[in-house]
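Read through the structure below, which is laid out as structure tokens, and then see the notes.
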Number of protein chains: 2
Amino acid sequence: MNLIEIKDLYENKENFIDKEIEVGGWVRSIRDSKTFGFIVLNDGTCFKPLQVVYSDKLDNFSEVSKTNIGAALIVKGKLVATPNAKQPFEIQADEVYVEGESTPDYPLQKKRHSFEYLRTISHLRPRTNTFQAVFRVRSLCAYAIHKFFQEQGFVYVHTPLITGSDCEGAGEMFQVTTMDLNNVPKTEEGKVDYTEDFFGKPTNLTVSGQLNGETYAMAFKKIYTFGPTFRAENSNTTRHAAEFWMIEPEIAFADLADDMELAEAMIKYVIKYVLENAPEEMNFFNNFVDKGLLDRLNHVINSEFGRVTYTEAIKLLEEHNDKFEYKVSWGVDLQTEHERYLTEQIFKRPVFVTDYPKEIKAFYMKLNKDGKTVAAMDCLVPGIGEIIGGSQREENYEVLTKRMEELGLNEKDYQFYLDLRKYGTARHAGFGLGFERMIMYLTGMGNIRDVIPFPRTVNNCEL
Amino acid sequence: MNLIEIKDLYENKENFIDKEIEVGGWVRSIRDSKTFGFIVLNDGTCFKPLQVVYSDKLDNFSEVSKTNIGAALIVKGKLVATPNAKQPFEIQADEVYVEGESTPDYPLQKKRHSFEYLRTISHLRPRTNTFQAVFRVRSLCAYAIHKFFQEQGFVYVHTPLITGSDCEGAGEMFQVTTMDLNNVPKTEEGKVDYTEDFFGKPTNLTVSGQLNGETYAMAFKKIYTFGPTFRAENSNTTRHAAEFWMIEPEIAFADLADDMELAEAMIKYVIKYVLENAPEEMNFFNNFVDKGLLDRLNHVINSEFGRVTYTEAIKLLEEHNDKFEYKVSWGVDLQTEHERYLTEQIFKRPVFVTDYPKEIKAFYMKLNKDGKTVAAMDCLVPGIGEIIGGSQREENYEVLTKRMEELGLNEKDYQFYLDLRKYGTARHAGFGLGFERMIMYLTGMGNIRDVIPFPRTVNNCEL
């Protein structure tokens, strides 16, 4: 079918004005009088719709006039400039073909629907302005991330989803099985007989691709993952989903400073790309979802991110302990209130906090010379707090195995990981970015359920 | 760390010749005599390695000479042109820092290892030429797919991995659960009590994102998915994995002809991109893995794909039934032997076979006017057979529900899908490309286990 896209009309107006064109799309609104009418048509290619003017010269004028919101139409007619109207042009319909009817009880009427209601119709909500904007930005943001890394020669690695190991034991995990749950096979001792399962052993959905990613970084020098991860945490918050996407770059012959430089460059690149490629959508968010959004993002692009050690940050925060629900002192993990205070009030720009006490960080992080802290970094941004967490990894075999022993980790489960320290180990570092966290940051949307097409949370797995 | 990448040296030789540079990488081979030695160093950024020449002028000459294969080195020295040698330049080392030692029993020695052996060390195999080439091509291919769709304004949609539905009942599925398998909660009737499970109902890993994708195509007109899919099939073949990635574009206001045009353009785009961006790797495959590879791929780029209906194809194939293990006749599904015969012997180029009998295709495919066939298409390519399967979708509510009834599908399970036919239905079409199938096609690698970083198959879920 040879239809012109509405995006094309806006981008190359001069090619189409006063020409006969044919467009297809869905009715956003319609109003008619006895002899003519107006239809606002959206075809999904662009945030802005096209105004259709039709009249009783149409053979099927009454059919068209009875069209309901949501119907699919194909419109043939002349595109004419409308210099005095809000929109730059309109199409004067010579033919309107009703491709697919809608009904008067179409669930999306021309009024403001609550996000809660729209969550109950996740298959239809991308047809609204808000979700059309959210999910276009999500798509552009994903692409910007790929583009950023590929342009620098990073290798994209698909780390596995189903896994037999439990990287750093982070969070609760979903089990994956093909066994009959009505009749789970048991061994003579009465335990689950995993030899009967598909993989012959217990398997879970991954919580992070990092350890696998490291193996590829030690071959390609610069890699990134971008894939789904899972947490079976029974928490019903606006920031947690059971299934979400994560980006985890890993760089070899690199230290924590290189890692921060990479994270800062990536964040700036992605924000710029989205602002440039979705200006209408971003204006919409700024006007209707989060008033300070554009100022905040532009500020981030133009700031040099701060750097402060955890120890210095604690000193700075302790001076304001009266303002916090949870008081800070050296050794505690930072809460969102502290993170936001640091980046919003003290630094007034994004800031990396580095060198955390080893007790509150993961086993694989590089031990600093002080023996107390590790070469970790969290990137805090105004409006949200932590958006990225990363670290230099412990590349020394002895130090790493000692740390694993302290924490009661079984070396046997990490043989492949230790091999990397045995055969050509090199300084390396990486970080993790929660993709949905980034989308929330870019759009100002406050609930993770509203930035995932079909969100999965406790007791919710619809469609 | 401010290291120059070997890729940079090859791409911008003129900037570096006769300059002091510093590179980091891993030893691929080393040979030394009493007073000097040669190291082949690979840093993962480029298929080609860098030759390092060192001599006893180094303070740590004997340490360097004892270096094992696999060790990580940082080398400082002058890059000098070597017009009479195989390689265009070498680095004359002034300093060699041993970043990470290796051992004499390093599992990758300078000899040919079998793919079977390398599968047992999936964390190290990307350090070999073959797998370095495979996984760089995999990365580039993934990016080419994103680039192709994004440049045309397609919206990338993340369809869910965990799902409560069983799209078209394709293949066996993995169950996802947080219940204690040692003690599965049961109802009073003795059945599994899914109200105790994380989502409050039985859930599986997705086998296709298509039905979800369609909901977004009816909002954005042009979308694609690119994500993991799962099959719990107990089949141990060279072409099946339990976890693989799939690309599923979906276009609205489009029919089967548009769908084929899109598929053809995508395949050509991806092949071109990989040939242009990984020439060394592709030459390597052509020389060492699959002699006819480059000819075949270049032929595909330059061919107009054929189009033939299933009914015509059967007629053509029936003339050669003596050559087939399984004889063809109207109504049978095509086997790989038939598909390859069609594309390799009869058409001698890629070909779309269209309009299959409805009995051998899925419920959602558009019924043709003959009442017997559906608007499906399979794309067959020389050397492999089917690489893409797609169809125009049944957009008519009555026809679709009638078909579902015939097949015993429960309308209630597909309410969201039927809504798309109720509210502004439009002709639409899409296809699925198995990503690993594409990588095998691009590289000539014969086993799907060798194109997935950490493959998952029956009884195999390592790392």
Side-chain angles (χ1 to χ4, degrees), chain A residues 1 3 7 24 26 43-45 70-72 99-100 102 106 123 126-127 136 139 142-143 146 150 153 155-158 160-162 164 174-178 181-182 184 192 198-200 203 212 215-216 219-221 228 232 243 245 253-254 416 419 423-426 453-454 456 459 461 463, chain B residues 1 3 7 24 26 43-45 70-72 99-100 102 106 123 126-127 136 139 142-143 146 150 153 155-158 160-162 164 174-178 181-182 184 192 198-200 203 212 215-216 219-221 228 232 243 245 253-254 258 416 423-426 453-454 456 459 461 463:
Chain A
M1 300 172 73
L3 305 177
K7 182 184 165 82
W26 291 274
D43 78 349
T45 63
E99 171 80 5
S102 182
Y106 181 57
H123 59 308
R127 303 177 181 197
R136 197 187 314 279
S139 170
Y143 186 56
H146 281 298
Q150 294 273 342
V155 169
Y156 178 31
V157 182
H158 288 129
L161 285 286
I162 301 175
F174 289 104
Q175 303 162 81
V176 175
T177 180
T178 52
L181 297 187
N182 270 300
V184 175
V192 177
F198 189 88
F199 295 108
T203 51
N212 295 81
T215 70
Y216 270 60
F220 285 107
K221 194 165 185 270
E243 176 181 314
W245 287 62
F253 293 99
F416 79 97
D419 274 359
Y423 306 127
T425 191
F454 303 91
R456 272 77 181 98
N459 283 316
C461 184
L463 307 202
Chain B
M1 300 170 72
L3 305 177
K7 183 184 165 79
W26 292 274
D43 78 349
T45 63
E99 171 79 4
S102 182
Y106 180 56
H123 59 308
R127 302 177 181 197
R136 197 186 313 280
S139 170
Y143 185 55
H146 281 297
Q150 295 272 343
V155 169
Y156 178 31
V157 182
H158 288 128
L161 284 289
I162 302 175
F174 288 103
Q175 302 161 80
V176 174
T177 180
T178 53
L181 297 188
N182 270 300
V184 175
V192 178
F198 189 87
F199 295 109
T203 50
N212 294 81
T215 69
Y216 270 59
F220 285 108
K221 193 165 186 271
E243 177 181 313
W245 287 63
F253 293 98
D258 298 315
F416 78 97
Y423 306 127
T425 191
F454 303 92
R456 271 75 179 99
N459 283 316
C461 184
L463 308 203

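Chain letters run A, B, ... following the sequence lines, proteins first, then strands; residues in each count from 1. Excluded from the calculations below are hydrogen atoms, water molecules and symmetry mates; all remaining heavy atoms, backbone and side chain alike, are included.
- Contact annotation for A/Val192: both backbone and side-chain heavy atoms come within less than 4.5 Å of a heavy atom of chain B.
- Looking at A/Gln150, only its side chain comes within 4.5 Å of chain B, counting heavy atoms on both sides.
- Only the backbone of A/Ala254 comes within contact range of chain B, judged by heavy atoms closer than 4.5 Å.
- Relative orientation of the B/His146 and B/Tyr156 rings is perpendicular, given thresholds of 30° and 60° on the angle between their planes.
- Within the 4.5 angstrom heavy-atom criterion, only side-chain atoms of A/Thr203, from C-beta onward, approach chain B.
- No side-chain donor-acceptor contact under 3.5 Å links A/Ser102 to the backbone of B/Tyr423.
- If you tally non-hydrogen atom pairs under 4.5 Å between each of A/Val184, A/Thr45, A/Asp43 and chain B, the highest count goes to A/Asp43.
- For chain A, the option among B/Ala426, B/Pro160, B/Gly200 with the highest count of heavy-atom pairs below 4.5 Å is B/Pro160.
- Residue A/Val157 touches chain B through its side chain alone, counting heavy-atom pairs closer than 4.5 Å.
- Between chain A and the options B/Gly153, B/Ala71, B/Gly24, B/Ala142, the largest number of non-hydrogen pairs under 4.5 Å is found for B/Gly24.
- The contact between A/Pro228 and chain B is made entirely by side chain atoms (from C-beta outward), counting heavy-atom distances below 4.5 Å.
- Separation of atoms OG1 (B/Thr215) and CZ (B/Phe416) is listed at 7.0 Å; rounding is to 0.5 Å.
- Contacts between B/Val155 and chain A at a heavy-atom distance below 4.5 Å involve backbone atoms as well as side-chain atoms.
- Minimum interatomic distance between B/Trp26 and B/Gly70 (heavy atoms only, all atoms of both residues): CD1-O, 3.4 Å.
- The side-chain heavy atoms of B/Thr177 and A/Phe174, taken from C-beta on, include no pair separated by under 4.5 Å.
- The main-chain N or O of A/Ile162 is found under 3.5 Å from a side-chain atom of B/Arg456 such that the two form a donor-acceptor pair.
- Separating the NZ atom in B/Lys221 from the NZ atom in A/Lys7 is a distance of 12.5 Å, to the nearest 0.5 Å.
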